[in-house]
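Starting from 1, each residue takes its place in the sequence as its number.
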Amino acid sequence: MIAGLPMYDWPERRAGTDALWARLRDALRAAGFDAPDALTRTNDPRNLWLSDELLLGETCSYPLETILAGKVRYVATPVHDAPGCGQGTYRSVLVAPGDGEDMPPPAAPGAQLPDRLAGTLAANEPGSMSGYIALARDCERAGREMPVDIVWTGSHRASIRAAAAGRADIAAIDCVTWRIARDHEPAAAEVRVVGWTAERPGLPLITNAAMADADIARLREAVASVMPVVVLDPPTEG
């Protein structure tokens, strides 16, 4: 079997990711699963997500809603403690170049969009819920125009850097990644939070499509013994 936790696996955090996996691995083995010694790391996580050997993987809710629908099984959604997170939910921060105080997350679950959304948007990829889809959906619901020009950067970290360097006027960054960036990415000090997307289901944990219901229950119990998780119904927005 294989496993991967790619979504927040920055180089500066890999020792922590590996330590988390060691605890998960031991819990999964105690529950009777053939958990691998180490995580699988790949430049294309779709190969991981769609593998018949996948025991536990971390994905984005938009792929689970679209390209992975019916091809994997949902396990649970981790609960993170970053500002903007709830019980299995998260938001994206909207950052713009400049200094000043960050806007705190809104008390209500809806979006809090900035007055000005014109200019260039830096986004990691078209299929990213936190980096693009969330803002697009919130703009549509609010009757607002999305930025016309988009710079596809390939990662949230690169989007932060693009905004800090003035190559973009705004970027959407998921709030857990934003907390990580505040600790590890110098460019994060050169942008400020000017808005928030609405609350949405957080990044889910998945397994292969052949996993039986009884095994899903054992997976959930093992994972929950190591880290805070919830089981959302549904685990995606769409």
Side-chain angles (χ1 to χ4, degrees), residues 7-8 60-62 64-65 77-153 155-185 187-204 230 232 234-238:
M7 305 308 288
Y8 299 120
C60 173
S61 63
Y62 189 66
L64 185 59
E65 180 183 320
T77 301
V79 177
H80 296 280
D81 62 0
C85 289
Q87 289 297 301
T89 65
Y90 79 135
R91 301 174 184 264
S92 292
V93 296
L94 305 178
V95 299
D99 53 15
E101 291 189 10
D102 286 341
M103 177 185 292
Q112 189 165 350
L113 303 177
D115 293 336
R116 185 177 182 275
L117 271 174
T120 299
L121 170 70
N124 53 341
E125 60 169 313
S128 170
M129 175 60 76
S130 57
Y132 181 70
I133 304 295
L135 179 58
R137 288 179 176 177
D138 288 346
C139 284
E140 182 177 6
R141 290 168 185 168
R144 299 281 302 277
E145 294 288 335
M146 278 282 285
V148 175
D149 297 320
I150 300 174
V151 175
W152 300 111
T153 64
S155 72
H156 280 309
R157 192 170 201 168
S159 295
I160 294 169
R161 290 172 174 172
R167 298 194 303 274
D169 299 290
I170 199 161
I173 312 295
D174 98 67
C175 61
V176 179
T177 298
W178 177 243
R179 183 190 62 184
I180 295 168
R182 282 296 204 187
D183 291 336
H184 298 296
E185 174 50 57
E190 300 175 35
V191 298
R192 62 190 181 94
V193 177
V194 296
W196 294 79
T197 64
E199 284 186 353
R200 286 179 170 84
L203 276 63
V230 293
L232 300 179
T236 63
E237 184 178 43

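- For Leu64 against Pro204, the heavy-atom pair with the smallest separation is CD2-CG, 3.6 Å.
- To the nearest 0.5 Å, atom CG of residue Leu113 and atom CZ of residue Arg144 are 5.5 Å apart.
- A distance-only check finds no donor-acceptor pair linking the side chain of Asp149 to the backbone of Gly119 [under 3.5 Å].
- Remark: of the listed residues Arg179, Arg192, Arg182, Arg182 is the sole one forming a salt bridge (charged side-chain N to carboxylate O under 4.0 Å, His left out) with Asp102.
- In this structure, the side chains of Tyr90 and Thr177 stay at 4.5 Å or more apart for every pair of heavy atoms.
- At most 12 heavy atoms of other shown residues, nucleotides or ligands fall within 6.0 angstrom of atom CG in Asp99.
- At least one side-chain heavy atom of Trp196 sits under 4.5 Å from a side-chain heavy atom of Cys175.
- Comment: Arg200 engages Asp138 in a salt bridge, judged by a side-chain N to carboxylate O separation of less than 4.0 angstrom.
- Between Met7 atom CE and Ser128 atom OG the span is 7.0 Å, to the nearest 0.5 Å.
- Distance CZ/Arg91 to CG/Asp174: 13.0 Å, rounded to 0.5 Å.
- Considering Leu232, Leu203, Thr89 in turn, Leu232 is the only one that fulfils the side chain to side chain contact (heavy atoms under 4.5 Å, CB included) rule with Thr77.
- Nearest heavy-atom pair, Ser92 versus Thr197, reported as atom, atom and distance to 0.1 Å: N-OG1, 2.8 Å.
- The shortest heavy-atom contact between Leu121 and Ala168 is C-CB, 4.3 Å.
- Closest non-hydrogen pair, Pro114 versus Leu117, comes out as CG-CD2, 3.9 Å.
- In this structure, CD in Glu140 is found 11.0 Å from CD in Glu145, a value given to the nearest 0.5 Å.
- Closest approach of Ser130 and Ala172 over heavy atoms only: O-CB, 3.5 Å.
- Here the CD1-OG distance, from Ile173 to Ser155, works out to 8.5 Å after rounding to the nearest 0.5 Å.
- Taken from CZ in Arg137 to OH in Tyr62, the straight-line distance is 6.0 Å, to the nearest 0.5 Å.
- Residues Ser61 and Met129 share a closest heavy-atom pair of OG-CG, 3.7 Å.
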